[in-house]
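Below, read A as the first sequence line, B as the second, and so on, with proteins coming before strands; counting in each chain starts at 1.
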Amino acid sequence: MGMTMTQKILAAHACLEEVKAGQLIEVNLDLVLGNDVTAPVAIKEMEKLNTSKVFDKDKIALVPDHFTPNKDIKSAENCKCMREFAMEHDITNYFEIGEMGIEHALLPEKGLVVAGDVVIGADSHTCTYGALGAFSTGVGSTDMAAGMATGQAWFKVPSALQFVLTGNPSNWVSGKDIILHIIGMIGVDGARYKSMEFVGEGVANLTMDDRFTIANMAIEAGAKNGIFPVDKLTIKYMNEHSIKPYTIYRADEDAEYDKTYKIDLAEIKPTVAFPHLPENTHTIDNIGDIKIDQVVIGSCTNGRLDDLRIAAKVLEGRKVAKGMRVIVFPATQKIYLQALEEGLLSTFIKAGAVVSTPTCGPCLGGHMGVLAAGERAVSTTNRNFVGRMGHVESEVYLASPAVAAASAVTGKISGPEELGL
Amino acid sequence: MKASGIVHRYGDNVDTDVIIPARYLNTSDPKELAEKCMIDIDKEFRSRVKPGDIMVAGKNFGCGSSREHAPIAIKASGISCVIAETFARIFYRNSINIGLPIIECEEASKDIEAGNEIEVDFDSGKIYNHTKKKHYQGQAFPEFMQRIIKAEGLINYIKQK
C-alpha cells in the first residue's frame, strides 16, 4: 500500500522504508519552536532532565511574539526567562522584538523551514509550514522540552483526508474563505488526528500567502497537519528565502485516504465563521445585518503582505465607520517595512485605522484590542471561541482581510461588493 | 492505576481557551492556573471541585490552542481523570506527557451526569458509575503510552531511557 505525502516525510525522518497509519514512531526533528508563553514551561521541564545541552543550537527557534512588546510584569518575566535561556545555550534563532514577527509568518520568511522538513512547535498553528511541503505540527511544552533535549519526538502516524482543488478563486476570495469553507463542511473535529492533504490543479491558482493561511487553520478542523505539494511557486519562495537544502516528497499514486473531497475554488464565496466555533460558517450573501464594534486585520493567519494589500485596496480613499476601532497588525517587521514602503500603512492610517507592531496580542485577547462585554469584532484571526478576544460575552466573527476591511467601512459585516468593488 | 470521584460535566468542543483563558497565561504556576480553570464557562468550578473529582465531556475535548497550561490547570485543580467521547490531539498528548490521566469512551461520555460517583480502572479501561450502578468499557492506552504514564510523564520516561 502506498503512503501519503505526510507519511513519506515521517518515514524518512524515522529512518524507515515504510510507515502505516496508526503506527507509533520516533522521528528526528529539523526544527523545534517555542514562544514566550510556551517556552518558559518547556525550559522548566528541560531543567528536570538534568541536561545542560540542547540537541542543536541551530535547530531551535525562540520567538517572543504572544504578549510582546511585554504587556505586563509577568509577561516580561516570561520573556526574560526565554531570552536568558537563548543566551545561555547560544540559540541561533532567537529573535528579539526589533527583528521578530509572529512566529508562523517569521520562520518561513527567515528561511528556517523548507520542503521535506519535520517541525514541531509549542503552538498549535505550527501546522502553517505545510504550505511549503513540510510536516509541521503543534505540540505542548513538554514535547518541546523533549525535542530541544533529544532532537526527537514520538508520533502516531496519521491517516489523511484528501482535498482535490480545481478552478480559480473568484474576485475577493482568498485562502481564508477556502479554509473556512472546508472547516464549515467537515467541522472542527472533521480532521481530528488526521492529515489534510491539498492537491489538484487548483493549487497552482493559490498564492503562497493563500497556502500559508489554509495550512495555518488545519488545526481548526482538528488536523495533525495540513500539507501542500511542492510546485514552481514553492521552489521560488524557498529560493528567495532560504539557503537550506530541501527535499520534495510526493504521495504515492496508490496512497489511501480516509475520504476525498473535490472542491471547485470558483464556487467558493467570501465566508464568515460566526461565534463561537470556526465551523459556524455563512457565505457573505447569507449574513444579515450584524453591526460590529471592532475590526482586526493581521495574525499568523492573515498578517502577510498579500493580506495587507487586499485590505488596503478596500480601504484606499475610504474612511472607517464612525466609532469603529480598526487595528491592523502586520505579521513581521519585514512585512511591516514592505507595507510602509508600498504606502499601505499610509492608506490604513488615512482611513482611520491604527497600525500595531507585530504581536499575537489581539487574536487571543492578550492585549492590543481586548473586547468588552457585548462587543462584536470581525477578525482575520483563526479562533472565535467563547472569550477568545476578551469578555465571555463578546463575539468574534472570522473573515478574510477583504471582508474585514469592507466591514470596517460599513460598520456591519459586509463584503467588498457592498462598496461597489 | 485507579481514580474515583464526583463528576463535573461539560459538553462538546470544550476548547483550551475556556479551560484556561489566554489572559491568565502570563504565568505557568500550576496553583495560579488552577484558580482560573474553567472560569469562562463554569464560574463555580473552582469552589465546587474536590481532590480526586472527575471531569466528563463530549466530543473534541481540549481543542484549539496547544497551551499545556490547560491540562496543568485541570490537574492542579485536583481532577484525577478526564473522560470524553474524543479528545483533540494536542490536548491528548499534552495530558499523557504531564501525567494527567484521560480516557476516551463514547458510552460513558453520553450516559454520565453531573454529580455521579465514578471509578476508573486505567489498566482495563473500565469505568464504573456507582450512582447509576452501571459500567462502561473505555479505550485502554496503547503500551507505549502506558509506559509514559507509568513513568508519570514524558520527561521521567526519557530520563529512565
Side-chain angles (χ1 to χ4, degrees), chain A residues 24 37-38 40-42 44-46 48-50 66-67 71-78 121-126 137-146 149-150 154 156 158 187-189 192-193 219-220 222-224 276-277 279 360 363-367 370 383 385-388 390 392, chain B residues 12-30 32-33 39-43 58-72 85-99 142-145 147-148 153-159 161:
Chain A
L24 287 159
V37 167
T38 58
V41 181
K44 276 185 212 157
E45 288 301 312
M46 204 182 129
K48 291 182 195 161
L49 281 172
N50 299 323
H66 272 58
F67 293 154
K71 78 172 180 116
D72 55 26
I73 294 169
K74 283 181 176 176
S75 305
E77 295 291 346
N78 279 334
D123 188 278
S124 60
H125 293 107
T126 302
T137 192
V139 295
S141 295
T142 301
D143 275 316
M144 183 195 168
T150 67
W154 64 269
K156 191 160 93 176
V188 292
D189 65 347
R192 210 172 46 88
Y193 290 107
I219 178 67
E220 303 327 323
K224 184 170 217 153
H276 289 287
L277 284 174
E279 70 183 20
C360 304
C363 171
L364 74 166
H367 63 153
V370 177
R383 292 192 173 125
F385 300 150
V386 170
R388 172 72 178 182
V392 290
Chain B
D12 291 341
N13 301 313
V14 172
D15 61 80
T16 52
D17 271 272
V18 296
I19 295 171
I20 182 74
R23 59 187 181 276
Y24 305 118
L25 294 185
N26 55 6
T27 179
S28 55
D29 176 54
E32 279 186 67
L33 293 171
I39 191 165
D40 279 358
I41 53 166
D42 183 2
K43 278 199 176 66
K59 283 193 293 185
N60 203 26
F61 186 86
C63 61
S65 159
S66 67
R67 60 190 71 159
E68 205 160 287
H69 310 65
I72 291 172
E85 184 176 334
T86 55
F87 290 92
R89 62 160 285 275
I90 303 177
F91 185 90
Y92 187 89
R93 64 186 290 145
N94 283 351
S95 299
I96 290 167
N97 284 344
I98 68 154
E143 195 197 331
F144 170 73
M145 290 179 202
R147 287 205 297 269
I148 296 179
L154 182 68
I155 295 297
N156 287 332
Y157 172 72
I158 292 171
K159 267 166 113 173
K161 273 212 309 190

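Residues A:E45 and B:I155 approach most closely at OE1-CG1, 3.4 Å, considering heavy atoms. B:S28 and A:V41 get closest at one heavy-atom pair: CB-CG2, 3.4 Å.
Of the possible donor and acceptor atoms, one in the side chain of A:R192 sits under 3.5 Å from a partner among the backbone N and O of B:F87. Side chain of B:N94 to backbone of A:G140: a donor-acceptor contact under 3.5 angstrom is found. Within the 3.5 Å criterion, the main-chain N or O of A:K48 finds a donor-acceptor partner in the side chain of B:K159. The main-chain N or O of A:T38 is never found under 3.5 Å from a side-chain atom of B:R67 such that the two would form a donor-acceptor pair.
Note: B:R93 CZ to A:K224 NZ = 6.5 Å, rounded to the nearest 0.5 Å. Atom OG in B:S66 sits 8.0 Å away from atom CD1 in A:I219 (nearest 0.5 Å). Taken from NZ in A:K74 to CG in B:D29, the straight-line distance is 8.0 Å, to the nearest 0.5 Å. A distance of 5.0 Å separates CG of A:L24 from CE of B:M145, quoted to the nearest 0.5 Å.
Contacts with chain B were tallied for A:L364, A:T150, A:I73; A:L364 has the most, counting heavy-atom pairs under 4.5 Å. Options A:P40, A:S141, A:S75 differ in how many heavy-atom pairs under 4.5 Å they form with chain B, and the most are formed by A:S141. Of the residues considered (A:T126, A:D123, A:V139), A:V139 shows the highest number of contacts with chain B, using heavy-atom pairs under 4.5 Å.
Taking non-hydrogen atoms and a 4.5 Å limit, the residue list of residues 15-22 of chain B in contact with chain A, ordered by number, reads B:D15, B:D17, B:V18, B:A22.
For B:E143, no part lies near chain A; criterion is any non-hydrogen pair under 4.5 Å. Using a 4.5 Å cut-off between heavy atoms, B:I39 does not touch chain A at all. Contact of B:K59 with chain A is made through the side chain alone, with heavy-atom distances under 4.5 Å.
A donor and an acceptor atom, one from each side chain of A:T142 and B:E68, are located under 3.5 Å apart. Side chain to side chain, B:R89 and A:T137 meet the donor-acceptor criterion of an N or O pair below 3.5 Å. For B:N26 and A:D72, the side-chain atoms include at least one donor-acceptor pair closer than 3.5 Å. When only modelled atom types and interatomic distance are considered, A:D143 and B:N97 share a side-chain donor-acceptor pair under 3.5 Å.
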